[in-house]
Amino acid sequence: MTRTALNLTPDLHTYAQAHSTTEDGLLAELAAETQRLFPDRTSMQIGADQGVFMTMLTRVMGARDVVEIGTFTGYSTICLARGIAPGGSVLACDVSPEWTSVAQQYWQRAGLGDRISLRLAPALDTLRSLSGEPTFDLAFVDADKENYIPYWEELLPRMRAGGVVLADNTLWRGEVLAPDSPDSPAAYIHSFNEHVHSDDRVETVVLTIGDGLTLSRVRSRD
Ligand SMILES: C[S@@+](CC[C@H](N)C(=O)[O-])C[C@H]1O[C@@H](n2cnc3c(N)ncnc32)[C@H](O)[C@@H]1O
């Protein structure tokens, strides 16, 4: 037995996916349409395995009130919205009318139109316009990397005790080990990782799913 992680080869990743719940036809169609419409941007979308994980986490938590920072064509939003408890909703934040118009078509087709509301504005403005009270059970951060720390600081007071903040791309293709410049995405992500690690309002695990997914659970404030 070893305490280090497996070397996840492409074959082993395929095997793990093949033995997990698979994405359904609608999500597969959305992934294919995103590839067709925005071929240079496909890597922005979360993978199928991460989507299954996020639906399951949302469901297991019984999350009701969810916020997503960075929606693109709406794949991750569907994964979150499918997991929320009855009466819950996802507030989806993005700045692109073009990308989110695809998202809105697929939300309707998934029968989730009434569980998702879209805010087209810089997400920091959207967060600052909300009540400062704890209102969210789950947050997913997947937008501009230079703003991950400001997103974190706006989100934390708005998270319920026991709530979870998920942050995507926190291993940045491995480049967090040696960012090539101080203003690269890898450097911003490394600063975010240090920031979260030193924050005792949360307990945190960096999952090696996808491009790195940090899961931070908000401790009770008492
Ligand atoms: C990596 S993509 C999100 C991918 C999406 N979560 C998915 O899995 O399909 C990042 C998104 O963040 C959005 N974005 C960039 N800067 C933003 C900002 N300041 N406020 C809100 N959204 C922003 C972009 O328009 C883009 O759609």
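Atoms within each ligand, like the ligands themselves, are counted from 1 in listed order.
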**Request:** Quick one: sort the Phe38 and Phe72 rings into parallel, tilted or perpendicular, breaks at 30° and 60°.
**Result:**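 The rings of Phe38 and Phe72 sit tilted, inter-plane angle from 30° to 60°.
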Is a donor from one side chain sitting under 3.5 angstrom from an acceptor on the other, for [X] and [Y]?
X      : Y      : value
Gln50  : Asp168 : yes
Ser181 : Asp183 : yes
Tyr151 : Asp144 : yes

Starting from [atom], find the nearest protein heavy-atom neighbour and note its residue, name and distance.
atom                    : answer
atom 25 (O) of ligand 1 : Asp94 OD1, 2.6 Å
atom 17 (C) of ligand 1 : Asp144 OD1, 3.6 Å
atom 10 (C) of ligand 1 : Asp142 O, 3.1 Å
atom 23 (C) of ligand 1 : Val95 CG2, 3.7 Å

**Message:** Tell me if a side-chain donor or acceptor on Glu154 pairs with a main-chain N or O of Leu127 at a distance below 3.5 Å.
**Reply:**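 Looks like no, no N/O pair under 3.5 Å.
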**Message:** Is it the case that over 12 heavy atoms from other parts of the model lie below 6.0 angstrom from the CE atom of Met44?
**Reply:**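 Atom CE in Met44 is packed in, count exceeds 12.
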**Prompt:** Does atom CZ of Arg219 have more than 12 heavy-atom neighbours, drawn from other residues, nucleotides or ligands, at distances under 6.0 Å?
**Reply:**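 Counting other residues, nucleotides and ligands, CZ of Arg219 exceeds 12 neighbours.
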**Request:** Could you name each residue pair satisfying ring pair (Phe, Tyr, Trp, His ring centres under 6.0 Å) that touches residues 16-35, not counting sequence neighbours?
**Result:**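 Only Tyr15-His19 qualify under ring pair (Phe, Tyr, Trp, His ring centres under 6.0 Å).
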What atoms of ligand 1 come closer than 4.0 angstrom to any heavy atom of [X]?
X      : value
Trp99  : 24 (C), 25 (O), 26 (C), 27 (O)
Pro122 : 20 (N)
Thr71  : 5 (C), 7 (C), 9 (O)
Gly70  : 3 (C), 5 (C), 6 (N), 11 (C), 12 (O)

**Asked** Any non-hydrogen atom of Tyr151 lying under 4.0 Å from ligand 1?
**Response**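 Contact present.
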**Message:** Please state which option from Gly74, Gly210, Ser76 has its nearest heavy atom closest to atom 6 (N) of ligand 1.
**Reply:**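 Residue with the shortest heavy-atom distance to the ligand atom: Ser76.
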**Prompt:** Between the candidates Ala143, Ala123, Pro150, which shows the shortest non-hydrogen contact distance to atom 12 (O) of ligand 1?
**Reply:**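 Comparing heavy atoms across Ala143, Ala123, Pro150, the nearest one to atom 12 (O) of ligand 1 lies in Ala143.
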**Message:** Please report whether ligand 1 has a polar contact with Ile46, defined as an N or O pair separated by less than 3.5 Å (distance criterion only).
**Reply:**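 It does: an N or O of Ile46 is found under 3.5 Å from an N or O of ligand 1.
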